[in-house]
Trainee: 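One structure coming up, written as structure tokens, with questions to follow.
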Amino acid sequence: MKAIILFSLTIAIGIGAYGADVYVATDGVDASGRGSQASPYKTIRYAVSQIASGKVYVAPGTYVETATVGGVVAGAGCVFIEKAVEVIGSTGNPADVIITHGVWPKGSDNKDAPSPIFKLDNAGAAIRHVTVYDGTYLEGGNVYVTANGGLVDHCITKQAANDAWNAKGTSALLHGGRMTRTKVCENGKVSPNGQVFVDGSALIDNCLMCDLTCGANYAVVLEGTAVMINCSVVRNTGTTCSGVKVNKNTAKVINCLIADNVGTTSVRGIVWSGANPASFVNCATDLPIEGSTGNVYYRHAYCNFDSADFRQSSISPCIDAGADVSAYGIGDLDFEGRPRVTGTVDIGCFENNMTDASCGFSFSLDRVAVSRDCNSECISQTMPATLSLRAGLCGSSGAVTYRWTLTDAKGVTYVQESS
């Protein structure tokens, strides 16, 4: 008689599992055996450490992450993702998930050891639908992407705060990877080397950079073979410059709107610099980029500039003025997730597929289109000099009064009016 022996084999897949999905909530607990939607973890950092790959879904709320993993090392990252793990805001609205840093640990010198809030170091690493703010690290205070890659998708990065002389990418720094459909905004500290710094083979597309304080440098600085496509750089200020700087002629700026920025001592710097004008292709600017290709003059045509609605109205020269960028693989969605057309796309991060009424656009005599017919030499020359101002109003009828109010350096105001 032969005995038949049955073996029962159970394989448990738990901590460190591949392809796992785990959950984080403000009322969760960081402990083994948790991570389900019913029993979530408490911190994103802990959740990332528990899986080898997969997705971390983050419930609405504010998360304070502390850079303690891997020892006390400046720059290590509050949330360091060096594997194919995606951190995803569960609602799809980045404003619902707020991620910042806690008290910085002390290094061996007893000084604070700050880090980027997110550090991405893998081609499969990603953050999606989250807001990252108040980073203080020298490079990529809010988001740092290494040359190994990573994806920043549909996020908000704001209020980064490091104005040290050697700071680079105050809000975001990409040595590789991609940042798409992301808003970089509301940074009050100046950017010695760009609020966004992009080099290597990194790509940024369909992003909005607005309300940044740029100091003597720029909202965006590009080097290497980095490419910036269909982005809008608007309403930024600087003591000198506030637009886009290309440091290497191998970098490209394509289909970007760069307008209505302010620089107090530089005229050209509110749009571009870097002695590489050929790097700018099919951009819309309110000052010329001499030597560029396909660029158009931009007149003020936002839906509502004052309320930061930078979508384009029907009179915008950005419409159907972009170059074909399908070869770059940036996808077919604009900043707000609306479909981009193939072939001739609009310039900037917004694709216009709405009526003026639906975006709230109306003409206002306080917001006419102004062409500054002068260059840096004209501005800097000894007075008297001739200043030529032009205004255009479309789609209206009846009498229109143009009033120019100019104030000189001594505070004397001059008013010129015509109908």
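By convention here, the first residue in the shown sequence is residue 1.
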Trainee: What closest approach, in Å, do S115 and Y137 show between heavy atoms, and which atom pair accounts for it?
Mentor: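 Closest approach of S115 to Y137, heavy atoms only: C-CB, 3.5 Å.
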Trainee: Will you find, in the side chains of D96 and T91, an N or O donor that is under 3.5 Å from an N or O acceptor?
Mentor: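 The answer is yes; a qualifying pair exists.
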Trainee: Please answer whether the main-chain N or O of A84 pairs with a side-chain N or O of S53 as donor and acceptor at a distance below 3.5 Å.
Mentor: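 No, the answer is negative, given that no donor and acceptor are paired below the 3.5 Å cut-off.
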Trainee: With distance as the sole test, does Y297 use its side chain to make a donor-acceptor pair with the main-chain N or O of L287 at under 3.5 Å?
Mentor: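 No; judged by distance alone, with no hydrogens or angles, the pair does not exist.
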Trainee: Is the side chain of D346 donor-acceptor paired with the backbone N or O of D320 at a distance under 3.5 Å, no angle test?
Mentor: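 Present.
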Trainee: Could you point out which residue of K158, R235, K183 forms a side chain to side chain donor-acceptor pair (under 3.5 Å) with D211?
Mentor: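 So the option named by the test is R235.
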Trainee: Return the CG to OG1 distance between L173 and T146, rounded to the nearest 0.5 Å.
Mentor: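 Nearest 0.5 Å value for the CG-OG1 distance: 10.5 Å.
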Trainee: Any chance OH of Y133 has more than 12 other-residue heavy atoms, nucleotides or ligands included, within less than 6.0 Å?
Mentor: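 Not more than 12 within 6.0 Å, no.
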Trainee: Within this structure, what is the CD1-CD1 distance for the pair I44 and I127, rounded to the nearest 0.5 Å?
Mentor: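 Those atoms lie 9.5 Å apart.
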Trainee: Run the side chain to side chain donor-acceptor pair (under 3.5 Å) test on S242 and N261 for me, step by step, so that the C-alpha distance in whole Å, both residues' side-chain angles and the decisive distance to 0.1 Å come before the verdict.
Mentor: CA-CA 6 Å; S242 52; N261 302 300; 4.8 Å; no
Trainee: Supply the atom-to-atom distance L257 CG to S316 OG, rounded to the nearest 0.5 angstrom.
Mentor: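 Nearest 0.5 Å value for the CG-OG distance: 7.0 Å.
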Trainee: What distance do S171 atom OG and I117 atom CD1 have between them, rounded to the nearest 0.5 Å?
Mentor: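 Rounded to the nearest 0.5 Å, the OG-CD1 separation comes to 9.0 Å.
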Trainee: Side chains of D334 and N206 only: does a donor on one sit below 3.5 Å from an acceptor on the other?
Mentor: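 Absent: no donor and acceptor within the cut-off.
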Trainee: Would you confirm whether T225, through its side chain, and T250, through its main-chain N or O, come within 3.5 Å as a donor-acceptor pair?
Mentor: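 Judged by distance alone, no pair lies under 3.5 Å.
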Trainee: State, with a plain yes or no, whether a side-chain heavy atom of Y63 is found less than 4.5 Å away from one of T43.
Mentor: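 Sidechains of T43 and Y63: no contact.
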Trainee: Search all heavy atoms of A219 against all heavy atoms of C214 and return the closest pair with its distance.
Mentor: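 In terms of heavy atoms, the two residues are closest at N-SG, 3.5 Å.
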Trainee: Could you tell me whether a side-chain N or O of N247 sits under 3.5 Å from a main-chain N or O of V221, the two making a donor and an acceptor?
Mentor: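 No.
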Trainee: Do side-chain atoms of E86 reach the backbone of K55 as a donor and acceptor pair under 3.5 angstrom?
Mentor: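 Absent.
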Trainee: Please give me the minimum heavy-atom distance between K83 and V48, naming the atom from each residue.
Mentor: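 It is NZ-O, 2.9 Å.
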Trainee: Where do A76 and K119 come nearest, in terms of heavy atoms and distance?
Mentor: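 So the minimum-distance heavy-atom pair works out to O-CD, 3.7 Å.
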Trainee: Any non-hydrogen side-chain atom of F280 less than 4.5 Å from a side-chain atom of T285?
Mentor: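 They are not in contact (no side-chain heavy atoms under 4.5 Å apart), so the answer is no.
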Trainee: What I'd like to find out is whether the side chain of C185 reaches to under 4.5 Å of the side chain of M209, using heavy atoms alone.
Mentor: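 A side-chain contact is absent here, since even the closest heavy-atom pair is not under 4.5 Å.
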Trainee: How many angstroms lie between atom CZ of F310 and atom SG of C303, to the nearest 0.5 angstrom?
Mentor: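 One finds 11.0 Å between CZ of F310 and SG of C303.
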Trainee: Hey, does L208 have a side-chain heavy atom less than 4.5 Å from the side chain of V184?
Mentor: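 No, every pair of side-chain atoms sits at 4.5 Å or beyond.
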Trainee: Please tabulate, one pair per line, all N/O donor-acceptor pairs under 3.5 Å involving side-chain atoms of residues 323-331, not counting sequence neighbours.
Mentor:
from	atom 1	to	atom 2	distance (Å)
D324	OD1	S326	N	3.0
D324	OD1	S326	OG	2.9

Trainee: Using modelled atom types only, decide if a donor and an acceptor are shared between the side chain of N282 and the backbone of A321 within a distance under 3.5 Å.
Mentor: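 Answer holds: yes.
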Trainee: Check the pair S90 / V58 against side-chain contact (heavy atoms from CB on, under 4.5 Å), numbers first and verdict last.
Mentor: CA-CA 5 Å; S90 61; V58 186; 6.0 Å; no
Trainee: Regarding E82 and N122, is there a side-chain donor-to-acceptor distance under 3.5 Å anywhere?
Mentor: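 Per modelled atom types, E82 and N122 side chains form no pair under 3.5 Å.
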Trainee: Does R299 reach the main-chain N or O of I315 with its side chain, forming a donor-acceptor pair under 3.5 Å?
Mentor: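 Side chain of R299 to backbone of I315: a pair is present.
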Trainee: Got V29 and K42 here, is their nearest side-chain heavy-atom distance under 4.5 Å?
Mentor: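 When only atoms from C-beta onward are counted, K42 and V29 do not touch, as no gap falls below 4.5 Å.
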Trainee: Side chains of S307 and N304: donor-acceptor distance under 3.5 Å anywhere?
Mentor: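 The criterion, which ignores hydrogens and geometry beyond distance, is satisfied for N304 and S307.
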Trainee: Please report whether the ring centroid of Y144 lies less than 6.0 Å from that of H175.
Mentor: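 Centroid distance H175-Y144: below 6.0 Å, so yes.
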Trainee: Are Y218 and N236 linked by a side-chain donor-acceptor pair shorter than 3.5 Å?
Mentor: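 Side chains of Y218 and N236: no pair found under 3.5 Å.
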Trainee: Between R340 and E351, does at least one N-O distance fall below 4.0 Å, as a salt bridge requires?
Mentor: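 Counted as a salt bridge, because a side-chain N and a carboxylate O are separated by less than 4.0 Å.
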Trainee: Side chains of H154 and R128: does their closest heavy-atom pair fall under 4.5 Å?
Mentor: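 The answer is no, as the side chains (C-beta and beyond) never meet within the 4.5 Å cut-off.
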Trainee: Would you sort out whether V246 and V253 count as a side-chain contact (heavy atoms from CB on, under 4.5 Å), showing the intermediate values?
Mentor: CA-CA 8 Å; V246 177; V253 181; 3.7 Å; yes
Trainee: Give me the atom names and distance for the closest heavy-atom approach of V220 to M228.
Mentor: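 Heavy atoms only, the tightest pair is CG1-SD, 3.8 Å.
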Trainee: Using the rule given for side-chain contact (heavy atoms from CB on, under 4.5 Å), can you reason through E65 versus T100, listing the C-alpha separation, both sets of side-chain angles and the distance that settles it, and then say yes or no?
Mentor: CA-CA 6 Å; E65 302 288 333; T100 186; over 6 Å; no
Trainee: Please state whether the rings of Y57 and Y23 are parallel, tilted or perpendicular, taking 30° and 60° as the class boundaries.
Mentor: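 It falls in the parallel class, under 30°.
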Trainee: Could you report the tightest heavy-atom contact between C207 and C349, atom names first, then the distance?
Mentor: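 Nearest heavy atoms, C207 then C349: O-CB, 3.5 Å.
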Trainee: For T136 and W104, does a side-chain donor sit closer than 3.5 Å to a side-chain acceptor?
Mentor: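 Short answer, yes.
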Trainee: With heavy-atom distances below 4.5 Å as the criterion, would you say the side chains of R311 and Y302 are in contact?
Mentor: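 They are not in side-chain contact.
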Trainee: If I take atom CD1 from residue I156 and atom OG1 from residue T182, how far apart are they, to the nearest 0.5 angstrom?
Mentor: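 The distance works out to 9.0 Å.
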Trainee: With a 3.5 Å distance limit and no angle check, can you tell me whether T26 reaches the backbone of G61 through a side-chain donor-acceptor pair?
Mentor: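 No: the side chain of T26 does not pair with the backbone of G61.
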Trainee: State whether the side chain of S292 and the backbone N or O of V281 hold a donor-acceptor pair below 3.5 Å, judged by distance alone.
Mentor: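 Side chain of S292 to backbone of V281, a donor-acceptor pair under 3.5 Å: no, none is there.
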Trainee: Please step through side chain to side chain donor-acceptor pair (under 3.5 Å) for the pair Y298 and D260, ending with a clear verdict.
Mentor: CA-CA 9 Å; Y298 182 77; D260 290 287; 5.5 Å; no
Trainee: Is H129 close to I88 at the side-chain level, that is, under 4.5 Å between some pair of heavy atoms?
Mentor: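 Touching, per the 4.5 Å side-chain cut-off.
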Trainee: Among L120, V130, T180, find the residue that satisfies the side-chain contact (heavy atoms from CB on, under 4.5 Å) test when tested with V152.
Mentor: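 When L120, V130, T180 are each tested with V152, the side-chain contact (heavy atoms from CB on, under 4.5 Å) holds only for L120.
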Trainee: Give the intermediate values and the outcome of side-chain contact (heavy atoms from CB on, under 4.5 Å) for residues N230 and D205.
Mentor: CA-CA 6 Å; N230 277 107; D205 64 274; 5.6 Å; no
